[in-house]
Engineer: 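To start, I am sharing the structure in question, which I have written as structure tokens.
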Amino acid sequence: MRIRILTIFVALLACVPAFADKVVLGKLGQALVKSAIYSRASVRSRIYYRVKPYEYLVLQSSKNDAYYRVLLQNGAYGYIPTDYVAKLPYDVTADQPSVPSFDRDGSALTSRSAGSRAQVAKWSLNFKGTPYKWGGNDPQKGIDCSGFVKFLYGQIGLQLPRTAAEQAYVGTPIRRLESLQPGDRLYFWSYKRNMIGHTGLYLGNGYFVHSSTNHHGVDTDYLTQKWLGILVAARR
């Protein structure tokens, strides 16, 4: 199952200079004429969306100077010809996920409700910096991706299998990115292993937390095109 992108990101998040607690998503743009948003930098590629004149967009540079890369609503990217859009001198920013003040013992996380899944997602940020350890289960000394997700869900009384491939078949499937809620589990494909090989917990606003070899431990990431390209399942 592949979660697909269907709609364009048109909400103006904040056209202000970026601060330490902000992440810059791109430049504010405005369509000059009716145009298509393409899946690749080619008019022969799939059309994701059709913009109307004066519609606002979030623009990024692309390798092809004839196209801007456009940030879509769910974190993926499309492309629009540069002649059809005006790039304005404003950054579009979003809030970085904040670290809440939960205790590390998880004593307050006892319910299986959606609210508790959201709580455990926030609480997970207290473990940022825990080292990555393949096969590890200790959230203080070392843990891997599936061990981390299993540990977090265990705090609200939900027992998961040990590996990411097994976990991906447990729970309610989420088939659209816009349906994701904080605390939902994300599962990513490993081409090297030809199987689901990575997992993390969705935080909201396009962010997720995971124990990653790239970050040498628990950290947050944004669902960029790289991650969306290998996102194959989400479960609640």
Side-chain angles (χ1 to χ4, degrees), residues 1-3 74-75 97 99-100 102-223 227-236:
M1 180 270 292
R2 179 63 61 86
I3 299 179
N74 295 310
V99 179
F102 285 96
D103 293 332
R104 290 175 75 108
D105 62 8
S107 57
L109 306 173
T110 57
S111 170
R112 301 187 183 195
S113 69
S116 290
R117 286 195 299 272
Q119 277 189 314
V120 84
K122 293 179 181 179
W123 177 69
S124 69
L125 297 177
N126 287 285
F127 295 92
K128 287 180 68 174
T130 295
Y132 178 89
K133 181 179 180 181
W134 187 84
N137 297 295
D138 191 326
Q140 308 286 342
K141 298 180 181 179
I143 199 165
D144 64 13
C145 64
S146 57
F148 185 51
V149 170
K150 176 178 171 63
F151 163 75
L152 294 172
Y153 259 54
Q155 305 309 303
I156 52 175
L158 297 173
Q159 300 304 314
L160 295 174
R162 181 58 181 83
T163 69
E166 294 171 321
Q167 291 176 11
Y169 292 96
V170 177
T172 303
I174 310 300
R175 293 188 169 87
R176 297 174 67 94
L177 281 171
E178 56 263 40
S179 299
L180 284 173
Q181 297 177 6
D184 288 345
R185 293 172 281 123
L186 307 176
Y187 293 94
F188 303 94
W189 191 256
S190 169
Y191 286 102
K192 183 178 181 180
R193 300 167 61 189
N194 198 31
M195 62 183 293
I196 290 174
H198 192 62
T199 182
L201 212 62
Y202 188 66
L203 297 172
N205 297 322
Y207 286 94
F208 68 103
V209 62
H210 58 152
S211 184
S212 166
T213 55
N214 291 340
H215 294 298
H216 307 293
V218 176
D219 206 346
T220 59
D221 259 313
Y222 191 73
L223 284 172
W227 288 108
L228 289 170
I230 57 173
L231 176 61
V232 293
R235 295 277 174 167
R236 182 170 298 157

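One-based numbering along the sequence shown.
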Engineer: Measuring centre to centre across the rings, with the benzene-like ring taken for any Trp, is F208 within less than 6.0 Å of Y202?
Structural biologist: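 Here the rings of Y202 and F208 have centres that are no less than 6.0 Å from each other.
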
Engineer: Kindly give the heavy-atom pair with the smallest separation between S124 and L203, and that separation in Å.
Structural biologist: OG-CD2, 4.1 Å

Engineer: Please find the pair of heavy atoms, one from G147 and one from N137, that lie closest to each other, and give the distance.
Structural biologist: CA-OD1, 4.4 Å

Engineer: Please round to the nearest 0.5 Å and tell me the distance separating atom CG of L160 and atom CZ of F151.
Structural biologist: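 That separation rounds to 13.0 Å.
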
Engineer: Would K133 and D138 satisfy side chain to side chain contact (heavy atoms under 4.5 Å, CB included), going step by step from the backbone distance to the final call?
Structural biologist: CA-CA 9 Å; K133 181 179 180 181; D138 191 326; over 6 Å; no

Engineer: So how far is it from I174 CD1 to D184 CG, rounded to the nearest 0.5 Å?
Structural biologist: 5.0 Å

Engineer: Please report the shortest heavy-atom distance between C145 and G197, naming the atom on each side.
Structural biologist: SG-O, 4.1 Å

Engineer: If you measure from CH2 on W189 to CG on N194, what distance do you get to the nearest 0.5 Å?
Structural biologist: 5.0 Å

Engineer: Any donor-acceptor pair under 3.5 Å linking the side chain of T199 with the backbone of S146?
Structural biologist: no

Engineer: Working to the nearest 0.5 Å, report the span between OG of S212 and NE2 of H198.
Structural biologist: 5.0 Å

Engineer: Mind checking whether W227 and Y207 have ring centres under 6.0 Å apart?
Structural biologist: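 Ring-ring flag for W227/Y207: false, centres at least 6.0 Å apart.
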
Engineer: Within the structure provided, determine whether V218 and Y132 are in side-chain contact (heavy-atom separation under 4.5 Å).
Structural biologist: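 Not in contact.
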
Engineer: Measuring from Y153:OH to R185:CZ, what's the distance to the nearest 0.5 Å?
Structural biologist: 5.0 Å

Engineer: What pair of heavy atoms forms the shortest contact from P131 to Q140, and how long is it?
Structural biologist: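 Scanning both residues, the minimum pair turns out to be CD-O, 4.0 Å.
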
Engineer: Going by heavy atoms in the side chains, are R236 and Q181 under 4.5 Å from each other?
Structural biologist: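 They are in contact (side-chain heavy atoms under 4.5 Å apart), so the answer is yes.
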
Engineer: Parallel, tilted or perpendicular for F148 and F127, by the 30°/60° rule?
Structural biologist: perpendicular

Engineer: Can a salt bridge be assigned to the pair K150 and D144 using a cut-off of 4.0 Å between side-chain N and carboxylate O?
Structural biologist: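 Salt bridge between K150 and D144, a charged N being under 4.0 Å from a carboxylate O: no.
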
Engineer: First locate atom CG of N214, then atom NE2 of H216, and finally report the distance between them rounded to the nearest 0.5 Å.
Structural biologist: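 Those atoms lie 8.0 Å apart.
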
Engineer: Where do A234 and L180 come nearest, in terms of heavy atoms and distance?
Structural biologist: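 The answer is CB-CD2, 3.8 Å.
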
Engineer: Where is the tightest heavy-atom contact between A121 and L201, given as atom of each residue plus distance?
Structural biologist: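 Heavy atoms only, the tightest pair is CA-CD2, 3.9 Å.
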
